[in-house]
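Worksheet: one structure, shown below.
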2 protein chains.
Amino acid sequence: MSKLELPALDQTACCSPMVREPLGETAAVDLARMFKALSDPVRLRLLSLIASHEGGEACVCDLTGPFDVSQPTISHHLRVLRDAGLVGSERRGTWVYYWVLPAALTRLSDLLQAPAVPVGAATGGDR
Amino acid sequence: MSKLELPALDQTACCSPMVREPLGETAAVDLARMFKALSDPVRLRLLSLIASHEGGEACVCDLTGPFDVSQPTISHHLRVLRDAGLVGSERRGTWVYYWVLPAALTRLSDLLQAPAVPVGAATGGDR
DNA sequence: TGTCAACATAGACACATGTCGAAATTGGAA
DNA sequence: TTCCAATTTCGACATGTGTCTATGTTGACA
């Protein structure tokens, strides 16, 4: 009997029990893609700048000035943010407007607050 | 007079006002580094798996099995998470334990909830 | 229709990153 | 001290990423 208990004790000493379901592989790929979009300082600042405007929306003409990179680079970064589902965009005549998609950001922050809370497959959708 | 008012109207039509201070360059570099650590699916799942254990802490021996990559690769990923300040680690005899640093995760989620809220320079510190 | 401004895309390039197997390091037991 | 298990680090390599200049696309206006 004592022999049977020792292995169990060994495992208890090494392993703490799981208290919740960890993130699955499919969700991780999706979420990692969004985090990757945020993993560049310029892109992070772009998102912040857009969100700092009234209504969480800004014109591109307001986004190309404050950075030390060229206009095509800003455009490329905005594309990455959009493709990752973090912002939406629309051309209105001369100007193109970008806006944050709060649902996507909420999805990320929910994960970080309780990282192992099961995340549903719901998408934010466009504005 | 009507000529003088048109340019001002044009600018109003294009630009929405700023309602808060956007993220600065220095903070963005720091935060982007943490997001980069989360931008790989395996690393995201590792963090989630650690956090899913009781006390937000897990033994490495629990972390090397559930993934389709080699043990050195898991070790490398854990290193990236640790260097980014998202987890802490400690060797206790035979086993090495990793735990999440909630303050770092909170810092990220706060940014995503109100992306343009000024983020202080406070660090999470180690456990 | 031609011209211009605003913005996006393409291609090239230097540098970064994920993964592997091999090797090194650390701690425990004999 | 030697041997072993657990874990980290190293070096190589294929692939990915940020940035640029050049070019293409879109919309407004004369």
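Being a predicted model, the structure only gives us computed values, none of them experimental. We name chains A, B, ... by the order of the sequence lines, and we start the count at 1 in each one.
- Here the OG atom belonging to B:S48 is positioned 15.0 Å from the CZ atom belonging to B:R43, to the nearest 0.5 angstrom.
- Closest of all the heavy-atom pairs between A:V100 and A:A51 is CG1-CB, 4.0 Å.
- One finds a side-chain N or O of A:R43 lying less than 4.0 angstrom from the OP1 or OP2 phosphate oxygen of D:dG18.
- Residue B:I50 forms a side-chain contact (heavy atoms from CB on, under 4.5 Å) with just one option from B:D62, B:L86, B:L78, and that option is B:L78.
- Cation-pi geometry between B:R92 and B:Y97 is satisfied (NZ or CZ under 6.0 Å from the ring centre, within 45° of the ring normal).
- Not a single donor-acceptor pair under 3.5 Å links the side chain of A:R20 to the backbone N or O of A:P22.
- Side chain of B:R33 to main chain of B:D83: a donor-acceptor pair is present (N/O by atom type, distance under 3.5 Å, no hydrogens or angles).
- Taking atom CG of residue B:D62 and atom P of nucleotide D:dA6, one finds them 13 Å apart after rounding to whole Å.
- Using a 4.5 Å heavy-atom threshold, the side chains of A:V80 and A:D40 count as separate.
- The distance between atom CG of B:L46 and atom P of D:dT8, rounded to the nearest whole Å, is 11 Å.
- Under 4.0 angstrom from either OP1 or OP2 of D:dT19 there lies at least one side-chain N or O belonging to A:H77.
- If you check residues 63-70 of chain B against DNA chain D, you find no residue with a heavy atom closer than 4.0 Å.
- At least one side-chain heavy atom of B:L31 sits less than 4.5 Å from a side-chain heavy atom of B:M34.
- The nearest whole Å value for the distance from the CZ atom in B:F35 to the C1' atom in D:dT17 is 18 Å.
- Closest heavy-atom contact between A:A37 and A:L81: O-CD2, 3.9 Å.
- In this structure, the CH2 atom of B:W95 is 5 Å from the P atom of D:dA6, given to the nearest Å.
- The side chain of A:R91 has D:dG27 as its nearest neighbour among D:dT21, D:dT7, D:dG27.
- The minimum heavy-atom distance linking A:A28 with B:P41 is given by the pair CB-O, 3.8 Å.
- In this structure, A:C59 and B:K36 both approach DNA chain C, and ranking their closest nucleotides by distance from the 5' end singles out A:C59.
- Residue B:Y98 places none of its side-chain N or O atoms closer than 4.0 Å to OP1 or OP2 of D:dT7.
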Q: Treat a base pair as Watson-Crick or G-U wobble with both distances under 3.5 Å, then lay out DNA chain C in dot-bracket form, 5' to 3', with | for cross-strand pairs.
A: ||||||||||||||||||||||||||||||
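- A sub-4.0 Å separation between OP1 or OP2 of D:dC20 and a side-chain N or O of A:T73 is present.
- At whole-Å resolution of the value, CD1 in A:I74 and P in D:dT19 are 8 Å apart.
- Scanning all heavy atoms of the two residues, the minimum distance from A:T106 to A:S109 falls at O-OG, 3.1 Å.
- For the pair B:S75 (side chain) and B:P72 (backbone), a donor-acceptor distance under 3.5 Å is absent.
- Taking atom CG of residue A:L78 and atom C1' of nucleotide D:dG18, one finds them 14 Å apart after rounding to whole Å.
- Between B:R92 atom CZ and D:dA5 atom C1' the separation is 19 Å, expressed in whole Å.
- Protein chain A contacts DNA chain C from C:dA6 to C:dT9, reading 5' to 3' and using non-hydrogen atoms of the protein with a distance under 4.0 Å.
- In terms of position along DNA chain D, the nucleotide closest to B:R79 lies nearer the 5' end than the nucleotide closest to the other residue of the pair B:R79 and A:P72.
- Among the protein residues, B:T94 comes within range of the sugar-phosphate backbone only, with heavy atoms under 4.0 Å from sugar or phosphate atoms but none that close to a base.
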